[in-house]
Amino acid sequence: MTKQTALTSEQIACVYAWLAQLFLRELDNEKLIQIQSDEMADWFSMLQNQPSLSDAITGLTSKIAALKVRNDAQLELAADFCSLFLMSDKQSALPYASVYLKDEQTNEKIKRLLFEAGMETDEVFHEPTDHLSIFLELLSHLHFSLGEEDMIHEEIDELRKQTLSILLQWLPEFCKNCHQYDEFGFYSALSQLLLALVQLDEQDE
């Protein structure tokens, strides 16, 4: 990375990994409690110090606060997740690159990037390679690698740029769908944080 943000590569990697899990499966009760904890509030405050993430963090934390007074919050969030990310009708935000891109080579491109990064997903994810969470896990892995002194940073950074380029071809439309179809707004707010983070990451080239 030729420019530095206020966030370290390790911090960005952690945010990507966290978002990957939230877009992969529903929040259970344990994760719901965690996201409402004081420790997470401190983490959000740290992220909010990054100007380009500030508005997205404000939006997300307001939805987290609203969860505390939402009846059956965990069950309702699970229903939101299902209707947004698991349904096949048009009123959804399916988290797959192939839904938005006409390029039939997208899966092969992301498989190549995963291979070059030394990652295998079959045992961890039971999803197609073009799932949003796999993009995010790859970016997390690459940012952790950028923080290690003994890695070849130029090669890793080129993989990061290529991954961001593919992701940004469809992420804005995915976020638009989240905003349109997520009535409560938690996943919409989460997608806005993700988009802000990816755009920030893209600027560091």
Side-chain angles (χ1 to χ4, degrees), residues 1-24 40 43-57 60 95-125 127-176 178 189-205:
M1 299 167 68
T2 56
K3 292 195 303 181
Q4 292 294 322
T5 69
L7 299 176
T8 66
S9 288
E10 291 86 348
Q11 288 171 330
I12 294 174
C14 288
V15 182
Y16 275 132
W18 179 71
L19 289 169
Q21 292 303 310
L22 292 182
F23 282 113
L24 181 65
M40 286 299 298
W43 195 54
F44 291 140
S45 293
M46 181 272 295
L47 293 177
Q48 199 158 26
N49 289 330
Q50 179 67 42
S52 58
L53 302 182
S54 181
D55 288 346
I57 290 292
L60 179 60
Y96 303 99
S98 56
V99 173
Y100 307 91
L101 301 179
K102 305 305 180 184
D103 184 359
E104 296 180 358
Q105 299 301 314
T106 298
N107 266 1
E108 294 306 314
K109 289 177 182 178
I110 193 67
K111 285 179 181 178
R112 177 183 58 79
L113 290 169
L114 290 164
F115 175 79
E116 292 184 12
M119 291 183 67
E120 295 182 4
T121 62
D122 292 347
E123 296 182 359
V124 180
F125 297 103
E127 290 285 353
T129 311
D130 66 334
H131 191 284
L132 175 61
S133 291
I134 293 180
F135 280 85
L136 304 186
E137 285 288 355
L138 174 55
L139 286 167
S140 176
H141 173 80
L142 293 171
H143 272 280
F144 273 125
S145 297
L146 285 170
E148 297 178 3
E149 294 183 359
D150 58 343
M151 302 299 288
I152 304 175
H153 287 191
E154 291 80 5
E155 294 181 5
I156 296 169
D157 203 44
E158 181 58 32
L159 295 177
R160 178 186 70 90
K161 292 175 183 178
Q162 292 179 35
T163 305
L164 289 169
S165 177
I166 297 173
L167 182 56
L168 280 168
Q169 291 177 41
W170 63 278
L171 184 62
E173 187 175 354
F174 167 80
C175 294
K176 179 181 176 181
C178 286
L190 204 65
S191 73
Q192 291 304 309
L193 173 58
L194 171 58
L195 181 59
L197 179 66
V198 169
Q199 291 172 336
L200 173 65
D201 198 2
E202 185 199 25
Q203 292 172 9
D204 288 350
E205 296 186 356

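Just so it is clear, the values below take in all heavy atoms, side chains as well, and ignore hydrogens, waters and symmetry mates.
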Q: Looking at Ala20 and Ser133, what are the two nearest heavy atoms and their distance?
A: O-OG, 2.6 Å
Q: Indicate yes or no: does Arg112 engage Glu108 in a salt bridge with an N to O separation below 4.0 Å.
A: no
Q: To the nearest 0.5 Å, what is the distance between SG on Cys175 and CG on Leu190?
A: 9.5 Å
Q: Nearest heavy-atom pair of Pro128 and Tyr96: which atoms, and what distance?
A: CD-CE2, 3.7 Å
Q: Is any side-chain heavy atom of Trp170 less than 4.5 Å from a side-chain heavy atom of Phe135?
A: yes
Q: Return the orientation label for the Trp43 and Trp18 ring planes: parallel under 30°, perpendicular over 60°, tilted otherwise.
A: perpendicular
Q: Are the side chain of Ser145 and the backbone N or O of His141 linked by a donor-acceptor pair below 3.5 Å?
A: yes
Q: Using 0.5 Å steps for rounding, measure from the CG atom of Leu113 to the CD1 atom of Ile134.
A: 12.5 Å
Q: Could you please spell out the steps behind the side-chain contact (heavy atoms from CB on, under 4.5 Å) verdict for Glu155 and Glu158?
A: CA-CA 5 Å; Glu155 294 181 5; Glu158 181 58 32; 5.8 Å; no
Q: Where do Ile156 and Leu142 come nearest, in terms of heavy atoms and distance?
A: CG2-O, 3.5 Å
Q: Nearest heavy-atom pair of Leu53 and Leu197: which atoms, and what distance?
A: CD2-N, 3.7 Å
Q: Search all heavy atoms of Ser9 against all heavy atoms of Gly147 and return the closest pair with its distance.
A: CB-N, 4.3 Å
Q: Using modelled atom types only, decide if a donor and an acceptor are shared between the side chain of Ser165 and the backbone of Lys161 within a distance under 3.5 Å.
A: no
Q: Could you go step by step and tell me if Glu202 and Val198 meet the side-chain contact (heavy atoms from CB on, under 4.5 Å) rule?
A: CA-CA 6 Å; Glu202 185 199 25; Val198 169; 5.5 Å; no
Q: May I have the step-by-step check of side-chain contact (heavy atoms from CB on, under 4.5 Å) for Leu139 and Ile12, ending in yes or no?
A: CA-CA 9 Å; Leu139 286 167; Ile12 294 174; over 6 Å; no
Q: Should Leu47 and Gln11 be marked as a side-chain contact (heavy atoms from CB on, under 4.5 Å) after you check the CA-CA gap, both sets of side-chain angles, and the distance that decides it?
A: CA-CA 9 Å; Leu47 293 177; Gln11 288 171 330; 5.9 Å; no
Q: Which pair of non-hydrogen atoms, one from His143 and one from Arg160, has the smallest distance, and what is that distance?
A: NE2-CD, 3.6 Å
Q: For Gln199 and Gln203, does a side-chain donor sit closer than 3.5 Å to a side-chain acceptor?
A: no
Q: How many angstroms lie between atom CD of Glu116 and atom CG of Leu138, to the nearest 0.5 angstrom?
A: 10.0 Å
Q: Kindly compute the distance separating CG (Leu60) from CG (Leu194), expressed to the nearest 0.5 Å.
A: 11.5 Å
Q: How long is the gap from CG on Leu136 to CG on Leu19, to the nearest 0.5 Å?
A: 6.5 Å
Q: Do Phe115 and Lys111 have side-chain heavy atoms sitting under 4.5 Å apart?
A: no
Q: Are side-chain N/O atoms of Asp130 and Ser98 paired as donor and acceptor at under 3.5 Å?
A: yes
Q: To the nearest 0.5 angstrom, please state how far the CD atom of Gln50 sits from the CG atom of Leu200.
A: 5.0 Å
Q: Do the side chains of Leu132 and Leu171 get nearer than 4.5 Å, heavy atoms only?
A: yes
